[in-house]
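Following: one structure in structure tokens, then a few remarks.
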2 protein chains.
Amino acid sequence: MEKRSTLWDRSRQAVVAEIVDKALELFAEQGYEATTMAQVAASAGVSQRSLFRYFGTKEDLVCGEQEALGDLLVATVEAQAPEVSTWDALRAGFTTILTASDHTPQRVLEISTLIFGNPPLRSRYSEKRLRWQRALVPVIEKRMGIESGEIPDARAMGVIATVFACVDAASELWVRHGGKADAFELYEQALAAVRG
Amino acid sequence: MEKRSTLWDRSRQAVVAEIVDKALELFAEQGYEATTMAQVAASAGVSQRSLFRYFGTKEDLVCGEQEALGDLLVATVEAQAPEVSTWDALRAGFTTILTASDHTPQRVLEISTLIFGNPPLRSRYSEKRLRWQRALVPVIEKRMGIESGEIPDARAMGVIATVFACVDAASELWVRHGGKADAFELYEQALAAVRG
DNA sequence: CGACAGATTGGCAGTGACTGACAGGCTGGC
DNA sequence: GCCAGCCTGTCAGTCACTGCCAATCTGTCG
């Protein structure tokens, strides 16, 4: 169950990477909306049906890998020492994600620009982020000394939502600065204005 | 240009209200996803084509009126006296929106439950909220004594995004408490945890 | 009252994302 | 070499949404 036959898995990864590559290329040429899934399928040399089996939705072509990063975020936050403040723990989680990305900065900027430039894409993006937030609730509650109930605590949710909001704001500004600004610095500014 | 012949406008409003009514009824019965636009059109006695002319998208059936409330929010925040703090100004804006709703609490709860229970709907919802945030940027920048540039200031964006995040968190918790909790109180708790 | 201009409506056909069902092919174990 | 199981492609269908065109309706003016 644990170990796949690695050959299939590897080729699958290769196919996925190839598809994403071609898709981003097409998006850059014609724009996201103007590109059809049929074009992506043809360009990557797979059938339309298989394309939808790899990526459930068109949006997932762009922000599909966010899925996996969520687990890393939660694990990192959970692994922070208890004496680390909630804010620092969350920050540590995000910095880990940033450095863990296996993309070049150019690629990250390209994808981010795509996301922040397309309202529906951005919507889908924040939908995924919402799942991260939900997963973080018990972790943060414990860290704040709150017993976890069925319904999240308002204080924990507020803190989590705020950090995500500031990360999002910093990301958007980073994109709008063409990647020339320091995203980390922008985040610090945003959060300082909030907590100051 | 300003004054429509009011008769048309009134009947239009009536049609819109009728459509929304029937739509929410169907959504409650069968669920949002399972209800087709054709059903809504038939139930409201209009053609499918006209339905799409009234509501550009299916999501707008649920969160279409949010549009208008945005202007009210911005206007209210802008109208706050300069000595009022940024946080209080934003809070004033949201309380105004809450009281300005022409729906019964039950209806608000019904709609909110629908939105927070359907990820794509919620996405669309936050997409609209994003536009509010953008509109607020210059207002908040001025209030914080920041000169407005082409690209928003990180501090202003952080504050705005945080308030929206806390309002969202409070709304979601209010829904998950079945409307039995005090949404305002939840917001205060969330924001206090952030700023404290 | 009757005709006219403008806007609204409905029907129709089409696009594009997405899905289920079915058939054939490739992989891995015997 | 053969069988079981997953993967893939093909096909047809659903549903949200849009452009086009004709019919209809509203208010106005002669």
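Reminder, nothing fancy here: chain letters follow the sequence lines and each chain counts from 1. Both backbone and side-chain heavy atoms feed into the values below; hydrogens, waters and symmetry mates do not.
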Audit row: Glu59(A), Arg122(A), salt bridge (Lys or Arg N to Asp or Glu O under 4.0 Å) steps and yes/no: CA-CA 9 Å; Glu59(A) 286 106 345; Arg122(A) 179 163 186 181; over 6 Å; no
Salt-bridge criterion met for Asp21(B) and Arg107(B) (N-O under 4.0 Å): yes
With a 4.0 Å cutoff (strictly under), does any side-chain N or O of Tyr54(B) reach OP1 or OP2 of dT9(C)? yes
For Glu188(A), is there an ion pair with Arg155(B) - N to carboxylate O distance below 4.0 angstrom? no
5' precedence on DNA chain C between Arg53(A) and Ser47(B) (nearest-nucleotide basis): Ser47(B)
Please enumerate all residues that pass side-chain hydrogen bond (donor to acceptor under 3.5 Å, both in side chains) together with Asp88(B), with sequence neighbours excluded. Ser85(B), Arg91(B)
Mind checking whether Val84(B) and Phe94(B) sit in one hydrophobic cluster, side chains of I, L, V, M, F, W, Y counted as touching below 4.5 Å? no
If you measure from CZ on Arg124(A) to CZ on Arg124(B), what distance do you get to the nearest 0.5 Å? 15.0 Å
Face-on cation placement of Lys58(A) at Tyr32(A) ring, 6.0 Å and 45° thresholds: yes
What is the minimum heavy-atom distance between Gly93(B) and Leu73(B), and which atoms define it? C-CD1, 3.5 Å
Residues from residues 115-123 of chain B sitting under 4.0 Å of DNA chain D, heavy atoms only? none
Provide, to the nearest angstrom, the distance between the CD atom belonging to Gln39(B) and the C1' atom belonging to dT14(D). 12 Å
Listing time: all N or O pairs from protein to nucleotides 16-19 of chain C that are below 3.5 Å?
unit_1  : atom_1 : unit_2   : atom_2 : d
dA17(C) : OP1    : Thr35(A) : O      : 3.4
dA17(C) : OP1    : Met37(A) : N      : 3.4
dA17(C) : OP1    : Lys58(A) : NZ     : 3.3
dA17(C) : OP2    : Met37(A) : N      : 3.1
dC18(C) : OP2    : Lys58(A) : N      : 2.6

